[in-house]
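Here the structure is laid out as structure tokens; the discussion comes afterwards.
Worth knowing before you read on, the calculation uses all heavy atoms, side chains too, and leaves out hydrogens, waters and symmetry mates. Residue numbering restarts at 1 for every chain, and letters A, B, ... go by the order of the sequence lines.
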2 protein chains.
Amino acid sequence: MSTTKRNTWQREAVRARLAEAQGFVSAQQLYSVLRDEGSTIGLATVYRNLAQLTEAGEADSLQSLDGENLFRSCSTGHHHHLICRSCGETREIKASVVEEWASRVGAEHGFSEIEHVVDLFGVCERCRSKA
Amino acid sequence: MSTTKRNTWQREAVRARLAEAQGFVSAQQLYSVLRDEGSTIGLATVYRNLAQLTEAGEADSLQSLDGENLFRSCSTGHHHHLICRSCGETREIKASVVEEWASRVGAEHGFSEIEHVVDLFGVCERCRSKA
DNA sequence: GAGCTTGTTGCGAATCGTTCCCATCAAGGT
DNA sequence: ACCTTGATGGGAACGATTCGCAACAAGCTC
């Protein structure tokens, strides 16, 4: 093999904090949590590791409505999200309907290699009653 | 009424170029097209007008996979997009299946005021055969 | 048309998220 | 212990977008 991947406490730290966060977190958030804990990890490293974890399928990412990349420790398999605009609570949702629809529509238009971005934003019950 | 909206040649210019562009364009792209034509319009103004047109429902916007805001002059009504990753060609698609699915899933989880982001990216026929 | 009010503009500075560069460090095999 | 080379950190660099503000001008009113 050519590319060997090494384990560093930094990557472990990112993985750990990501796992214990509920909902999606931004790289910056993760970074400040880590620094506040006294870690000397660098911002660039957080970004690198998040990207790597995402690529490895250990995390998934999405863009918030205002263009920030958010990450979340992820159960395997393709799925989408239902996210509370107010408190950030997230539910993973399976959507075979949508998967099927996406590839069908793509095919109908002669498109291949379809990727889709499908995420729902709303207000959860708890936040609604608070307002 | 309190907020009166004025018509400026700048807004008109943005509207015009946006309309004649096929597919989605970024604010920056629009800006350089305009400047290349000799316009003295400012970048901030392009952003401001795009935001305004979007809010007014004359354009719709989405984020490209790499986090840039793209805009397109828009036929009215809610719809989604199928975009060629390679040449940028865009097809508007109606997706009642998805609309219905979105609100159903939202409701099942007790969420209200559901907004959804649903866009498909793929490679169109033409680009595929070129490769 | 003159005058006034106030939405708009252009510009440069300022943010913000993210990536790059690179000398230094250290993980994991030998 | 010793190398090789992936990984790190930090500060500079970047690209997209927004802000601040003084100068402008659109659309009244008279």
Side-chain angles (χ1 to χ4, degrees), chain A residues 1-18 21 23-56 58-72 88 117, chain B residues 1-18 21 23-56 58-72 88 117:
Chain A
M1 240 156 296
S2 39
T3 28
T4 316
K5 199 170 288 183
R6 293 176 187 174
N7 295 318
T8 62
W9 63 265
Q10 286 93 333
R11 170 149 37 261
E12 211 38 61
V14 169
R15 208 199 313 268
R17 292 301 162 289
L18 187 61
F24 281 82
V25 233
S26 68
Q28 310 269 354
Q29 288 177 312
L30 226 48
Y31 175 66
S32 30
V33 169
L34 286 164
R35 296 298 280 211
D36 286 353
E37 291 180 350
S39 172
T40 63
I41 198 171
L43 178 56
T45 303
V46 173
Y47 274 101
R48 278 188 291 243
N49 281 318
L50 283 174
Q52 207 171 292
L53 289 173
T54 300
E55 194 174 1
E58 289 191 56
D60 54 12
S61 70
L62 61 79
Q63 299 180 10
S64 70
L65 290 174
D66 56 290
E68 209 179 3
N69 276 325
L70 303 179
F71 301 85
R72 189 193 194 201
V117 176
Chain B
M1 239 159 296
S2 39
T3 29
T4 317
K5 200 171 288 184
R6 292 176 187 174
N7 295 320
T8 62
W9 63 265
Q10 286 94 332
R11 172 156 27 266
E12 211 39 60
V14 169
R15 208 198 314 268
R17 293 300 161 291
L18 187 62
F24 282 81
V25 234
S26 68
Q28 310 269 354
Q29 286 177 313
L30 227 48
Y31 174 67
S32 32
V33 168
L34 286 164
R35 296 298 279 211
D36 287 351
E37 291 179 352
S39 173
T40 63
I41 197 172
L43 177 56
T45 303
V46 174
Y47 275 102
R48 280 187 288 240
N49 281 319
L50 283 174
Q52 205 171 290
L53 289 173
T54 301
E55 195 174 0
E58 288 190 57
D60 54 11
S61 70
L62 61 79
Q63 298 180 9
S64 70
L65 290 176
D66 55 291
E68 211 180 1
N69 275 326
L70 303 179
F71 300 85
R72 189 191 195 202
V117 177

> If every non-hydrogen atom of A:S39 is compared with every non-hydrogen atom of A:W9, which pair is closest and at what distance?
Replying inline: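 Result for this residue pair: OG-CZ3, 3.6 Å.
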
Rounded to the nearest Å, what distance is computed from the [atom1] atom of residue [X] to the [atom2] atom of nucleotide [N]?
X	N	atom1	atom2	result
B:Q52	D:dT18	CD	C1'	15 Å
A:Y47	D:dG10	OH	C1'	14 Å
B:L50	C:dT8	CG	C1'	15 Å
B:L43	D:dG15	CG	C1'	11 Å
A:N49	C:dT18	CG	C1'	15 Å
A:I41	D:dG10	CD1	C1'	13 Å
B:E68	C:dT18	CD	P	14 Å

> Would B:R48 and B:Q10 satisfy side-chain contact (heavy atoms from CB on, under 4.5 Å), going step by step from the backbone distance to the final call?
Replying inline: CA-CA 10 Å; B:R48 280 187 288 240; B:Q10 286 94 332; over 6 Å; no

> Would you find a donor on one side and an acceptor on the other, under 3.5 Å apart, between the side chain of A:R11 and the backbone of A:R6?
Replying inline: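 Side chain of A:R11 to backbone of A:R6: a pair is present.
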
> For DNA chain C, which residues in residues 28-37 of chain A have a heavy atom at a distance below 4.0 Å?
Replying inline: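 Close to the strand are A:Q28.
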
> For DNA chain D, which residues in residues 10-18 of chain B have a heavy atom at a distance below 4.0 Å?
Replying inline: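 None - not one residue of the stretch has a heavy atom sitting under 4.0 Å from the strand.
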
> Can you list the steps and then say if A:S64 with A:F24 is a side-chain contact (heavy atoms from CB on, under 4.5 Å)?
Replying inline: CA-CA 9 Å; A:S64 70; A:F24 281 82; over 6 Å; no

> How does protein reach along nucleotides 20-30 of chain C, written 5' to 3' as B (base within reach of a heavy atom under 4.0 Å), S (only sugar-phosphate), or - (no contact)?
Replying inline: BB----BBS--

>> Any base atoms under 4.0 Å from A:T40, or only sugar-phosphate, or nothing? Heavy atoms, all strands.
In response: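 The residue A:T40 makes sugar-phosphate contact but no base contact.
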
[X] side, atom [atom1]; [Y] side, atom [atom2] - distance, nearest 0.5 Å:
X	Y	atom1	atom2	answer
B:N49	B:T8	CG	OG1	5.5 Å
B:L30	B:L43	CG	CG	10.5 Å
A:D60	A:L53	CG	CG	11.5 Å
B:E68	B:Q28	CD	CD	7.0 Å

> Any side-chain donor paired with an acceptor under 3.5 Å for B:R35 and B:S32?
Replying inline: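 B:R35 vs B:S32: no donor-acceptor pair found between side chains.
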
> Which residue, B:T54, B:V25, B:V14, forms the side-chain contact (heavy atoms from CB on, under 4.5 Å) with B:F71?
Replying inline: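 One option only clears the test, and that one is B:T54.
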
>> Is the phosphate of C:dT18 approached by A:N69 (side-chain N or O, under 4.0 Å from OP1 or OP2)?
In response: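 Yes, such a contact exists.
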
